[in-house]
2 protein chains.
Amino acid sequence: MTESPRAKPGARSEFDDFLRKARLKKTRTRELIFNEIFSRSTIHPDAAAVHKRLRSKGHGVSLATVYRTLKLMVRSGLVSPLDLGEGHSHYEPGTNRPGHGHFICLVCGRVCEFENKELRALLDRVGEAEGFELKKHSLQVFGTCRECRKKKKE
Amino acid sequence: MTESPRAKPGARSEFDDFLRKARLKKTRTRELIFNEIFSRSTIHPDAAAVHKRLRSKGHGVSLATVYRTLKLMVRSGLVSPLDLGEGHSHYEPGTNRPGHGHFICLVCGRVCEFENKELRALLDRVGEAEGFELKKHSLQVFGTCRECRKKKKE
DNA sequence: ATGGGTGCAAAGCATTTGCAGTACA
DNA sequence: TGTACTGCAAATGCTTTGCACCCAT
C-alpha cells in the first residue's frame, strides 16, 4: 500500500480514519480509486473515466467496484458528486467547500473551479433568513469560456 | 385548446411563439404538460410525477411523450431541469433567472426557492474575472429546514 | 478463520427511440 | 392530405445487486 504522490496533506488520513471508524478494510483497489480522484483535482472524472484510466494503467478493477467505492467515498464526506448537466455523476475531491463553484463551458465542455468568500457569506446570510441550516451546496455556472469566446469572434 | 388557469402572463405566448418558430404543432398533450409545470411553480415535479398527475386527472398521456415534451420545453428555454440530488431530473418553469436558487431539506425533502440580487451581481463579477460569459446557473443548497430543526430539538 | 471486498453477469431505473397508427395544420 | 405527434414496447445508458470466490485482519 503506497502513498499517493500528489494527495492533499491530511486527505489520506481522513480516508484511513473513515475506514477505521466504519470497520472497513484498506485495500489496493480502494487506494487506486482514491488516488485517481485526489491526484488531479481539476479533472472531475465520472465513474467510467476512473475505470478507463485505471485499466489503461494496467489495473484490473471492475466498474462495479468503482461505483461501490465512489459511493463509499461520497458517504465518507471525502468526495462530492458533481452534476455537469450530462445526465450522470462526475466526482471531485472534498466536501463542504463553502463558496466553491464551477464554470462549465457549453462550447468546449471545460470545467473550471472557483472559490469566493463573499459567496459563502452570502449563502449563509440567505440561509439564516430562511431559518435554514446550511450543510453543503452545489453551484454550476454554464456559459462560454474565454478561449471559446475568442474563437467565436474570429 | 383552453387557456391555463394559473399560467404566468406571457409564458403561454412564449410557448406558442416557440412552437410557431420551430414549426411544431400545438396539441392537447403539450398543453397539459405545459400547464402541469407552470400551474404550480413550487412543486418541481419529475417526469414520473407529471405523468402520474395527468393520469390521475384522467388524461391518457404516455410517459414517453412526457419526456419528449419536457425535453422540448427545456430546449425552448421555457423550463429548466433541476437536480435535487436524487439521481434524476426535476423540472421548474423558467430559465435564466439570475440570483435564483433552491434550499433542499435533507430531512423532509422539501424544496424552497429563493431569489437574491446580490447573488446575481456576485456571479456576474466572478464570471467577468474569469473572462467567462455567463448563460445560466444552477444552485442547490442542502441542509435542514426550520421545521425539521425545530423537531430535532424537541 | 471469518467477514468484508471484488469480479462478473444480471437486474434496476430513468430516459430515449423505432414503428405503426392518430391528429393537427 | 401530409407530416408532425403519440403510444407502446423495445432499447439504451448509468448504476446497483446477487452470488461465488478472494483477501485483509
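Just so it is clear, the structure is predicted and the values come from calculations on it, not from any experiment. Just so we're on the same page: letters track the sequence lines, and every chain starts at 1.
OP1 or OP2 of D:dA4 has not a single side-chain nitrogen or oxygen of B:T27 nearer than 4.0 Å. Contact between the side-chain N/O atoms of A:S62 and the OP1/OP2 oxygens of C:dT6 is not found at any separation under 4.0 Å. In this model, the phosphate group of D:dG7 is approached by a side-chain N or O of B:T65 to a distance below 4.0 Å at OP1 or OP2. Between C:dG5 and A:R30, a contact under 4.0 Å exists linking OP1 or OP2 to a side-chain N or O. Residue B:K71 places no side-chain N or O under 4.0 Å from the OP1 or OP2 atom of C:dT15.
Evaluation of atom-type donor-acceptor distances gives a pair under 3.5 Å for the side chain of A:R68 against the base of C:dG7.
Nucleotides of DNA chain D nearest to B:T69 and A:A47 differ in position, and the one nearer the 5' end is that of B:T69. Where B:L24 and B:G87 meet DNA chain C, the nucleotide closest to each residue was compared, and B:G87 sits on the side nearer the 5' end.
A:H51 contributes no side-chain N or O that, together with a main-chain N or O of A:S62, makes up a donor-acceptor pair within less than 3.5 Å. The backbone N or O of B:H100 lies less than 3.5 Å from a partner atom in the side chain of B:H137, making a donor-acceptor pair. Distance alone, capped at 3.5 Å, places no donor-acceptor pair between the B:R30 side chain and the B:T69 backbone.
Here the C1' atom of nucleotide D:dC14 and the OH atom of A:Y91 are 10 Å apart, to the nearest Å. One interatomic measurement links the two molecules: CZ of A:R23 to C1' of C:dG5, which rounds to 17 Å at whole-angstrom precision. Rounded to whole Å, atom C1' of C:dC24 lies 5 Å from atom NZ of B:K25. What separates CG of B:L32 from P of D:dC5 is a distance of 16 Å, to the nearest Å. Distance OH (A:Y67) to C1' (D:dC14): 5 Å, rounded to an integer number of Å. The distance between atom CZ of B:R75 and atom C1' of C:dT16, rounded to the nearest whole Å, is 12 Å. Distance NE2 (A:H88) to C1' (D:dT15): 11 Å, rounded to an integer number of Å. Rounded to whole Å, atom C1' of C:dC13 lies 13 Å from atom NE2 of B:H90.
When heavy atoms are screened at a 4.0 angstrom cut-off, A:G60 is found touching the sugar-phosphate backbone but no base atom.
Relative to the six-membered ring of B:F142, A:K136 meets both conditions, a distance below 6.0 Å and an angle of at most 45° to the axis.
Considering only the side chain of A:V61, C:dG7 comes nearest among C:dT15, C:dG7, D:dT15.
Using bins of under 30°, 30° to 60° and over 60° for the plane-to-plane angle, the ring pair A:H44/A:H102 lands in the perpendicular bin.
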